Structures are given as C-alpha cells and as structure tokens.
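To keep things clear, I will list the structure first and then write my remarks on it.
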Amino acid sequence: ALSVLSGQPLSDRYSEARANIGLAKVLTDLSGISAAVLANSSVDLPSKISKINLQIEELLIKYPQVVWRSELDQVREFLPVGEWLLGLDTKRTILLVVQNPAEIRPTGGFISAIGYMVIDKGKFLDLNFIDTYQLDANLTGEQTAPSPIQKYLGENSLLIRDSNWNPHAPETARVIQKLVERASGRHTDGVIFINAQGLKYILEATGPILTPLGDEISSANILDRVAFNSNNEMSGILTGLRQHAAKPGNALSVLLGFFRALRHQELFIAASDSRISRVLGVQSADGGLEVSSCPIQFAVNDRNREVNFTL
C-alpha cells in the first residue's frame, strides 16, 4: 500500500528511512561535540571527529541518492576546518570581524567590531572585543590608503575600520591581520567575517538568546543591535550565543544556522594555513571572488565612500 500511494518502491522507502536514521546519528554526534566544546568539557575530540567522518563516508557510499547528500558532503569537507578552528594541534587565535551592512563596504559592511577568539585543543581561553577606534589610535607605521579613501575621507593612511576595501575577502583578511598586529602586537591565525545577516540566520535557528546582562537578542532585533552596538554589547551577544549553545539540545540549531550563514556567504573564514585555505576556497566559504578564464570579468562591488547609510 505504501508503495502504491507514494509511487516509490517499498525497498526504496526503507532505504531512505535507514539513511535518515544514519543522518540523525551524525547530527546528534556533531551536536554533542559542539556542546562539549562550548561548555569547555574534556572530550577526546580527534577520535570523535574521526568517527563522524567515517559515519558520513559510509552514508554517502550506501545512500548516494538521498536529497541531503550535498549538505552532508559539505559537512564532511568542512571537518578539517573545524579541527583547525578548535586548535587541536596547537593554540589558535582567530580574529572576529563583525560587519554592519547598514553602511556598505566590499566584504559585507562597515567593520563595527573586532574581537579575539582563542582556542586550544577545543577549549575556549578568550573571547573579547576591542574598540576599533582605539586600535586605530595605536597603529604604528603607515600603509597608504586606496586613492578613493584618500580623496573622499581625507585619510592618507589605511585604518583598520576602513581595511575591508578589497572585495576578495582572503586578501582583505591578510590586510586586517597585519594592521591589527601592528596596533596590538598580537599575531592571529585567521579571520572569521560575521555579517549581521549571518547572525540573523543563526538566531532564526536558535530562537531568542540572553546576553550575560539579561538582554534578549533575537532574529527580530539583531540587525539593529549590530548597527548601533558597542564592543561590549557584541561581546555579550556572542557570549550569550555560546552559553545558549552549550546547553543540552541547543548546539545542533547553532550548527545549522552557522552552515546556513556559510552557504549564503554571510559568514566566511580566511585561514593563514594554506591547506585549510584551499579547503575553504573549494567550499566557497572564504568570501573569495571566483576567478574565471574569461578575459573580461564582472563583479558587483558596493562601496560607500562617506557615511551614507542604507537604512
């Protein structure tokens, strides 16, 4: 009867059900790893990630026709990036660049906040934000600003808050890292660009969260909060998101929102490690512009040269 009603052989429906059970197991294990990391719990991350990789490979081989194959394959390809971000081999310092699309800039918006995320062997050691203008005040040496910035903003030297001028995010990341290191003396291993819309995707998946101060942040108000945030507030938002995800059953929704933001390129990652950088490029997760063999290339590249907002 099921075969007649669905138009699908019963054996195929059984196979699909088994595949979905396998997918649920993978997602449950991923959620468990994420929750453990966010709660700073002690777990054997390398063996758990290796197990998930084997589970995914088995599913992709046994059930090649499932509708979620491409998404699961993306997760598998992304596992080395996860290991790198978690600092399983060595301590990593990642620069967080929050971009406000209310003021258009080439990689997603005006740099409204910059923070450090330090992770060592899956444990968070630090998560805090720094005032961008204070970093600019501490800059040593000079880097000539692009000519439009000189012309319209009257700034001869490139500042951190204007450093996302190049629409090719991997190159912009290198510029930001060098400027921040000159201003703070801190070396960083990569950059995560977080657009306000990317945070909205994550909050649509998680539902409202609370900051450490008790403020409710949701997909309905996150764009305004990013547009008019202070660095302390942004730190509170990400800390609240981390605390929410560390609670039982919540990590999976954060993961789903994270991958949705990646897929829509509202969150992207640049790595100094060349191997990880290649993986990110293949996954279109680095915010890079595609290079084609066509001699004439076009790309939409929005810039606001002065403070004219899009609200």
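FYI, the numbering just counts along the sequence from 1. Values reported hereafter were calculated over all heavy atoms of this structure, with side chains retained and with hydrogens, waters and symmetry mates removed. Since we're looking at a predicted model, the values are computed, not measured.
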Problem set entry | Any donor-acceptor N/O pair, Arg69 side chain to Leu60 backbone, under 3.5 Å | yes
For this session: Among Thr172, Leu96, Val98, Ile269, find the one that has a side-chain contact (heavy atoms from CB on, under 4.5 Å) with Phe193.
Result: Thr172
For this session: Flag the pair Asp120 and Lys123 as a salt bridge only when some basic side-chain nitrogen lies within less than 4.0 angstrom of an acidic carboxylate oxygen.
Result: no
Problem set entry | Under the salt bridge (charged side-chain N to carboxylate O under 4.0 Å, His left out) test, residues paired with Arg174 that sit two or more places apart | Glu171
Problem set entry | Gln143 side chain vs Ser157 backbone, donor-acceptor pair below 3.5 Å | no
For this session: Take the angle between the ring planes of Phe78 and Phe259 and call it parallel below 30°, perpendicular above 60°, tilted in between.
Result: perpendicular
Problem set entry | Residues in salt bridge (charged side-chain N to carboxylate O under 4.0 Å, His left out) contact with Lys121, at least two apart in sequence or another chain | none
Exercise. Can you list the residues that meet the salt bridge (charged side-chain N to carboxylate O under 4.0 Å, His left out) rule with Glu266, with sequence neighbours excluded?
Worked result: none
Problem set entry | Cationic tip of Arg186 above Tyr116 ring, under 6.0 Å, 45° of axis | yes
Seminar exercise, completed: Applying ring pair (Phe, Tyr, Trp, His ring centres under 6.0 Å) to Phe110 and not counting sequence neighbours gives none
Exercise. Between Arg182 (side chain) and Leu139 (backbone), is there a donor-acceptor pair under 3.5 Å?
Worked result: no
For this session: Determine, step by step, whether Asn100 and Ser112 satisfy the side-chain hydrogen bond (donor to acceptor under 3.5 Å, both in side chains) criterion, reporting the C-alpha distance in whole Å, the side-chain angles of both residues, the deciding distance to 0.1 Å, and the verdict.
Result: CA-CA 6 Å; Asn100 174 14; Ser112 59; 5.5 Å; no
Exercise. Does the cation-pi check pass for Arg242 over Phe124, that is, NZ or CZ under 6.0 Å from the six-membered ring centre and within 45° of its axis?
Worked result: yes
Exercise. Do the non-hydrogen side-chain atoms of Leu45 and Val37 ever get within less than 4.5 Å of each other?
Worked result: yes
Using atom types as modelled, flag every donor-acceptor pair under 3.5 Å from a side chain in residues 249-256 to any protein atom, sequence neighbours excluded.
unit_1: Asn250; atom_1: ND2; unit_2: His244; atom_2: O; d: 2.9
unit_1: Ser253; atom_1: OG; unit_2: Asn250; atom_2: O; d: 2.7

Problem set entry | Sequence neighbours excluded, every pair satisfying salt bridge (Lys or Arg N to Asp or Glu O under 4.0 Å) that has a member inside residues 134-148 | Asp136-Arg161
Exercise. Taking 4.0 angstrom as the limit, do Arg105 and Glu103 come out as a salt bridge?
Worked result: yes
